[in-house]
Amino acid sequence: MPELEIAIPRPQRWDEPFGRMTDGDVNYLLKIEPFCRIDARTFPPTLPLRGILQGDTRIVRYEPGDLIVREGDYGHSAFLVLAGTVRVALERLSPKLLGRAERPRRTWRQAIAQLWHNSRLPEVRRRAEIKPAANGASIRHDPAEGTPRVFVQDVPQLLSTTGTARLGTGEIFGELAAMTRTPRTATVLAEGKATLLEIRWQGLRDLMRRTPAIRTHVERLYRENSLRAHLRETELLRDLPGPQLDTVVAATQFESYGNFDWYADFGAQRRREAAEQIAAEPLIAAEGDRPTGLFLIRSGFARVSQRYGHGHRTLAYIGKGHVFGLAEMAAMFDGNGDVAWQNSLRAIGYVDVLKIPADVVLQQVFPNCKLQNVKCKMQTGDKEDQSAIRNPQSVIAVGDTAAPLDSSLLDFLADHRFLNGTQTMLIDLERCTRCDDCVRACATTHDNNPRFVRQGPTHHQVMIANACMHCVDPVCMIGCPTGAIARDTDVGTVRIDDHTCIGCSTCANSCPYDAIRMVEIREPSGAIYIDEATQLPILKATKCDYCTGQLTGPACQAACPHDALVRIDMGKVEQVSAWLGR
């Protein structure tokens, strides 16, 4: 009779280290900046400094012309230059020049073969896939080994004709994308032979928490190396001459509003009345106050509202890349001395903003740009945009266009934070027959266990299913101790690395959408793996991976016989309108 349970050691944070760091490598790091100034006594015994350096870093060597990071890719690590120099491109490079390998997809033969090779039991794992090697070393290869490198041709010519910044020994880059879970803001190339220390973001987070000097160092480097590229993405500043842009960079203020761990009290806040919810949101700019500057949303979402009776009504929701206050700044530039904020701006959850002081906007920006060519999609002073924002219906402005949407549906999406989703699962309950073909298709594709639940909050005939939305701001990643849950580098899909997941449940507890489930795992015979110390089951986190690599795309959507299910980027609200009106 087969065993019913198999006892194994519970996976730990550094069972799957980031690289193959030896004791000698760690000793070397502890002798150089900035690590030599870190007091190891400030780290707890369960999270020692040596452990972070050994488990969350790796040394990577690059040849001249190697691409280190590519603008637009999602990053999960920062880099410290140990030797050599690298160049940060201050201008956008041609995508053709930088190249990107096409994501492999299953063939029809492989897709059909999966049906025959699936286990009859759910969530089967072989012991070698979850149990650390006997000597404590990683059972997997160093992720840096065997990874194809992109070589950029004629780097000297490229660097001579493109604005770049040179980074040398001791400089850090890539920290912004790593810590904010956002795309890389610039491309970085190896100028010559270079040796870099790559730091996984979990390790960088722990270092910054306990070492204020590193936090200050990282913020200074962002201002010097990345802020310029970020500001250039704003249409108003795109053609600003270099000296004026330098002044803007020096004057820009970093501000954050709301709670970084907003998901912790999200459930309680969602149960409040609408007026209470708005009143509880941190104010970034208050209607009626004198404007103090121009706000650029760096990450998160904010609510644009206006007084209405004894409360406020929502006019728009804005996200990364949008600007607030340009209409007021333009009025001040035209000589109107009696200007006040026309609307209020509030943080929904947590918002990072860049604030350009009003005097800098008026003296450096407006005299050197073509205001008539600026086409921002909210609060810009542009007549078309102003008429849209003042429409009696609510308007969402988190995507490329502002499109009308039923105000009650929009408020429902915002109150539940569904605007955060890039692949949100919507189900039309008037078309859905509850046949569960979507659930069966998902189970067939994923270890005989569906990765979503066909239930969730509803508004009229629209239901938002409990399925991973692959969020713009995936808070599930914040507390993961091993980096097991992370974005795909190129497309941004949030995925779980089953090998490095230690079953701590942090991601499942953090997800405000109930989209991650912890499951018991089995040996092929059917026996459940248990922790040899506690005798409790070993768990793994599972969720929708958007069927990456499947020929048909998401199996759930492809299997629906009634066109009742769709996956939609909530930042493109016109897709929601088109789907509802089909």
(request) Please tell me if the side chains of Ser77 and Trp201 come closer than 4.5 Å, counting only heavy atoms from C-beta onward. (result) no
(message) When you compare the side chain of Ser408 with that of His460, does any pair of heavy atoms fall below 4.5 Å?
(response) yes
(message) How close do Phe295 and Ala285 get, counting heavy atoms only, and between which atoms?
(response) CE1-CB, 4.3 Å
(message) Has His76 got a side-chain atom pairing as donor or acceptor with Arg487's backbone, closer than 3.5 angstrom?
(response) yes
(request) Taking the side chain as every heavy atom from C-beta outward, state whether Leu413 and Tyr317 have any pair of such atoms under 4.5 Å apart. (result) no
(message) One pair to check against side-chain hydrogen bond (donor to acceptor under 3.5 Å, both in side chains): Ser305 and Arg346. What are the steps and the verdict?
(response) CA-CA 8 Å; Ser305 64; Arg346 289 178 164 84; 3.0 Å; yes
(request) Decide yes or no for Arg210 and Leu47: does some side-chain heavy atom of the first lie under 4.5 Å from some side-chain heavy atom of the second? (result) yes
(request) Identify which one of Glu328, Gln306, Arg303, Glu287 satisfies the side-chain hydrogen bond (donor to acceptor under 3.5 Å, both in side chains) criterion when paired with Asn343. (result) Gln306
(message) If you define the side chain from C-beta out and look only at heavy atoms, does anything of Gln244 sit under 4.5 Å from Gln363?
(response) no
(request) Considering non-hydrogen atoms only, spot the tightest contact between Val494 and Pro474 and give its length. (result) CG2-CB, 4.1 Å
(message) How close do Ala331 and Val339 get, counting heavy atoms only, and between which atoms?
(response) CB-CG2, 4.0 Å
(request) State whether the number of non-hydrogen atoms from other residues, nucleotides or ligands found under 6.0 Å of Asp39 atom CG is greater than 12. (result) yes
(message) Which label fits His470 and Tyr546: parallel for a plane angle under 30°, tilted from 30 to 60°, or perpendicular past 60°?
(response) perpendicular
(message) Between Leu236 and Leu294, is there a side-chain heavy-atom distance shorter than 4.5 Å?
(response) yes
(message) Keeping Thr252 on the side-chain end and Ile356 on the backbone end, is there a donor-acceptor pair under 3.5 Å?
(response) no
(message) Any side-chain to backbone donor/acceptor pair from Arg166 onto Thr85? Under 3.5 Å, distance only.
(response) no
(message) Applying the side chain to side chain contact (heavy atoms under 4.5 Å, CB included) criterion to Val81, which one of Leu196, Thr195, Leu197 satisfies it?
(response) Leu196
(request) Let me see the working for Thr422 and Asp569 under side-chain hydrogen bond (donor to acceptor under 3.5 Å, both in side chains), right down to the final yes or no. (result) CA-CA 4 Å; Thr422 66; Asp569 181 350; 5.6 Å; no
(message) Taking Ser256's backbone N and O only, do any of them form a donor-acceptor pair with Tyr350's side chain (distance below 3.5 Å, no angle check)?
(response) no
(request) Mind checking the CG-CD spacing from Asn368 to Gln364? Nearest 0.5 Å is all I need. (result) 7.0 Å
(message) Working note: Phe35 + Leu53, criterion side chain to side chain contact (heavy atoms under 4.5 Å, CB included); need CA distance, chi angles, decisive distance, verdict.
(response) CA-CA 10 Å; Phe35 307 111; Leu53 296 179; 3.8 Å; yes
(request) Look up atom CD1 in Ile464 and atom NE2 in His416, then write down how far apart they are to the nearest 0.5 Å. (result) 9.0 Å
(request) Can you see which heavy atom on Pro34 is nearest to which on Leu80, and at what distance? (result) CD-CD2, 4.2 Å
(message) If I compare all heavy atoms of Val86 with all of Ala194, which pair ends up nearest, and what's the gap?
(response) CG1-CB, 4.3 Å
(request) With the side chain counted from C-beta on, respond yes when Gln253 and Pro357 share a heavy-atom pair under 4.5 Å apart, and no when they do not. (result) yes
(message) Side chains of Phe418 and Phe412, heavy atoms from C-beta outward: is any pair under 4.5 Å?
(response) yes
(request) Take Tyr74 and Asp488 through the test side chain to side chain contact (heavy atoms under 4.5 Å, CB included) and record every step on the way to the result. (result) CA-CA 7 Å; Tyr74 285 93; Asp488 277 351; over 6 Å; no
(request) Let me see the working for Arg87 and Glu191 under salt bridge (charged side-chain N to carboxylate O under 4.0 Å, His left out), right down to the final yes or no. (result) CA-CA 6 Å; Arg87 289 287 194 104; Glu191 183 176 20; 3.2 Å; yes
(message) If we ignore hydrogens and angles and just use 3.5 Å, is the side chain of Asn466 paired with the main-chain N or O of Tyr513 as donor and acceptor?
(response) yes
(message) For a side chain to side chain contact (heavy atoms under 4.5 Å, CB included) check, start with the C-alpha distance between Ile318 and Leu345, then their side-chain angles and the critical distance, and finish with the verdict.
(response) CA-CA 9 Å; Ile318 62 175; Leu345 185 68; 3.7 Å; yes
(request) Working to the nearest 0.5 Å, report the span between CG of Leu426 and CD of Gln575. (result) 10.5 Å
(message) How long is the straight-line distance from CG of Asp334 back to CE of Met329, given to the nearest 0.5 Å?
(response) 12.0 Å
(request) Would you name the heavy atoms of His312 and Ser344 that are closest together and state the gap between them? (result) NE2-OG, 4.2 Å
(request) State the CD1-OG1 distance between Ile32 and Thr169, to the nearest 0.5 angstrom. (result) 9.0 Å
(message) Rounded at 0.5 Å granularity, tell me how far OG1 in Thr314 sits from CD1 in Ile348.
(response) 7.5 Å
(request) Mind telling me whether Phe79 and Phe173 have parallel, tilted or perpendicular rings, with 30° and 60° as the class edges? (result) parallel
(message) For a side chain to side chain contact (heavy atoms under 4.5 Å, CB included) check, start with the C-alpha distance between Leu296 and Leu231, then their side-chain angles and the critical distance, and finish with the verdict.
(response) CA-CA 9 Å; Leu296 281 64; Leu231 293 176; 3.9 Å; yes
